[in-house]
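All remarks here apply to the structure that follows.
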Amino acid sequence: MIEIQNLTKVYKGTRGLFPTSFKVEKGELIAIVGHNGAGKSTLLKILSNTHLPDSGSVLIDGIDLSERLKMVRKIGFVSETPNLYDFFSVEYNFKLFAKLFDIKKERIDEIIKEFNLENYRHTKVQNLSKGLKQRVNIGRSILSDPPVILFDEPTSGLDFEMTKEVFKLLREFHASGKTILFTTHRPEEIKNLATRLMVLHKGKVVFDGKPSAYFESHLHNELYLQ
Amino acid sequence: MIKNILTLIQNDLAIAVKNKTIFLIFFIPLFVFFTLKIVDSKNETAHAMNLGLINNEAYSPVVIQSLKSSDKIFNVIYVETIEEGKNEIRQKTLDGLLLNTNELIILKKESLKTISMIEGLYSLQQTAENKKSWVSSVTALQSTDIQKDSLPTWILMMVLLVGFVIMPSQVAEEKEKKLLVSLLQTPMREIEWLMSKIFTGMILATASILILHLIGNFHTGINLNYILIILSGSFCFSSYGVLLGFLCRNQASARILGVIFYLPHLLPSALSDFSRKLDVVAPLLPSFHFYESIKHILFDQARIGSLGVATVYMLSVGVITFAASYFLMKKRWLM
């Protein structure tokens, strides 16, 4: 479903993503872990068309990444920091993106209900808590019902309750057949969540397999415990 | 307490350096310094004024001889007809036109050039010991109305304010808050976003001019030529402003870059009436063409067809800056 070939992005010679290739099958829930600067966010930003790769190719259902207008309907991207029009209401934010995607109003109502945002429909985003903002951010990213959802550090800065809520959402999306890739720098958190785990270290994939295999390996000790 | 205040001042200065506000501290004095170098100083040798005479008309030989021998005060230029002379005055290639009926035609009565010209003719007349006055009447092609005369400057200020202050800041804000990045995850085309920004700039500039007319009580008619030139100018500067916004990572940088572009575009255009040197430099700026076109339309009832060069220049700047912004957006520049 997703085919990544020799994807490369280098920042000032040392950091970034060095030639990386892998495939993702439909319905996988992949956790991409690594330290800060390992290339996790770079990978997701390239997949979401936020950053352009230096070289390499990405195909999703046979569509090349460069075909942005087609690709945006395949991928939903949830950024680490909610990038919302915070001086406007929750509903305005949804409406704007619904118009650009040519989505019917009923879908907005559906999302607002699904994410328990009914009471905040007319509240300015700037007046919401961090957790609620993240809910709006996720809701907006899946407005067009994309088959692939990318989450960049979705639990960063969230408390325990909110983190649990986000993981519950990931499970629900996965159960509904979505393909999910998400990044985290805390692998212990996703032990029982991901179906596949990829470890990025200094821009290269150093592990790709079952989470249990990773935790049994020496790699986790080397990267996180020593 | 003093220690804390000093620490906070140090922090504020560090922020000023970091967000490049400090550049303005250097830029504005430097700009004033260079502008004063360009503006004619009082000690500078006065430029000879271009005085037109009608070919084949009978002028007093004393007048002709005196004018020709005073090449430091007047350059004598012959034109075929009065109409041609008037056009040359409007285009500023002539400073005045002397008829054999002793009528002096100038652009505006209350201008430095007119005063210098009459002084020059009077001193020549005195030197020639000619008792008959060389200038019996003065006709101005443009009437002087301080309120109306200031209108092109206000319009220029507002269009440049939208172009160089509001637009860069708005674009940089969308980049800084990653709103543009989120919009790029929708089926919106890059060109659509750019066009919406430019139309927003044009709407803001046009609305501000409309409000100015409504509350300023300027006695000028609004016609199609006027509207078209305002649309051309607002397109040019909105597009220019979007490009400036694209060159910045955040709002603070965009505001500073905006001011750095705003002043040099505003002052030389508005001051070119008073300085021959600036008159030479100013035509390089699109703001000069906008300002002059507005003046020609308001005061000379010029049509947009006769302002072809100015219009094409402004539209070209708009198109080039639009193309540059599109290129930067495609490259995800500083996003």
Side-chain angles (χ1 to χ4, degrees), chain A residues 9 11 41-42 44-54 63 65-88 92-103 125-126 133 136-144 146 148-152, chain B residues 18-19 162 165-201 203-204 241-243 245-255 322-335:
Chain A
K9 174 84 183 175
Y11 302 108
S41 293
T42 303
L44 291 203
K45 281 174 181 166
I46 292 172
L47 294 180
S48 64
N49 240 307
T50 307
H51 285 187
L52 301 179
D54 295 338
I63 298 169
L65 192 67
S66 58
E67 293 179 72
R68 189 179 65 81
L69 298 186
K70 285 182 185 168
M71 198 58 110
V72 290
R73 295 189 184 277
K74 295 274 175 197
I75 288 181
F77 177 61
V78 181
S79 55
E80 182 181 351
T81 319
N83 39 14
L84 302 158
Y85 286 87
D86 51 7
F87 33 83
F88 290 123
Y92 178 94
N93 274 274
F94 284 135
K95 272 186 177 171
L96 175 70
F97 283 77
K99 274 184 194 165
L100 292 169
F101 270 110
D102 201 16
I103 292 168
V125 171
Q126 63 194 10
K133 277 183 191 170
V136 179
N137 195 27
I138 297 172
R140 192 194 60 187
S141 303
I142 61 152
L143 258 181
S144 63
V148 179
I149 312 173
L150 312 174
F151 289 84
D152 189 14
Chain B
K18 198 72 192 161
N19 68 17
V162 171
V165 179
I166 296 174
M167 294 319 292
S169 183
Q170 204 174 1
V171 171
E173 184 183 9
E174 289 204 29
K175 283 175 73 181
E176 187 180 5
K177 293 183 174 173
K178 306 284 178 203
L179 297 169
L180 181 52
V181 163
S182 61
L183 288 173
L184 284 169
Q185 280 141 27
T186 71
M188 171 205 80
R189 290 176 178 84
E190 282 91 345
I191 204 161
E192 291 168 346
W193 185 86
L194 281 173
M195 285 172 74
S196 73
K197 280 280 161 290
I198 290 167
F199 284 135
T200 304
I203 291 166
L204 291 176
V242 170
L243 176 63
F246 248 101
L247 294 172
C248 302
R249 195 183 290 276
N250 53 45
Q251 280 190 83
S253 307
R255 272 195 296 270
F322 182 89
S325 300
Y326 182 73
F327 175 76
L328 293 179
M329 194 171 178
K330 277 279 186 192
K331 288 272 168 203
R332 308 284 190 264
W333 183 263
L334 298 179
M335 280 162 68

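Bear in mind that the values here come from a model prediction, so they are computed numbers and not experimental data. Within every chain, numbering begins at 1; the chains are lettered A, B, ... in the order of the sequence lines, protein sequences first and strands thereafter.
Between B:Leu179 atom CG and A:Asp86 atom CG the span is 7.5 Å, to the nearest 0.5 Å.
For A:Asn137, no part lies under 4.5 angstrom from a heavy atom of chain B. B:Leu183 touches chain A through backbone and side chain together, each having a heavy atom under 4.5 Å away. Only the side chain of B:Glu174 comes within contact range of chain A, with at least one heavy atom under 4.5 Å from a heavy atom of that chain. Contact of B:Met188 with chain A is made through backbone and side chain together, with heavy-atom distances under 4.5 Å.
When every heavy atom of B:Glu190 is checked against every heavy atom of A:Arg68, the shortest pair comes out as OE1-NH2, 3.3 Å.
Tested against B:Thr186 for a side-chain contact (heavy atoms from CB on, under 4.5 Å), the candidates A:Asp102, A:Leu100, A:Leu143 yield a single pass: A:Leu100.
Within a 6.0 Å radius of CZ in A:Phe88, more than 12 heavy atoms belonging to other residues, nucleotides or ligands are found.
The shortest distance between side-chain heavy atoms of B:Arg189 and A:Leu69 falls below 4.5 Å. Here the side chains of B:Lys330 and A:Leu52 are not in contact, with every heavy-atom distance at 4.5 Å or above.
In terms of modelled atom types and a separation under 3.5 Å, the side chain of A:Arg73 and the main chain of B:Pro187 share no donor-acceptor contact.
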Checklist entry - Going through the distances and angles, do A:Asn49 and B:Gln185 end up as a side chain to side chain contact (heavy atoms under 4.5 Å, CB included)? => result CA-CA 7 Å; A:Asn49 240 307; B:Gln185 280 141 27; 5.8 Å; no
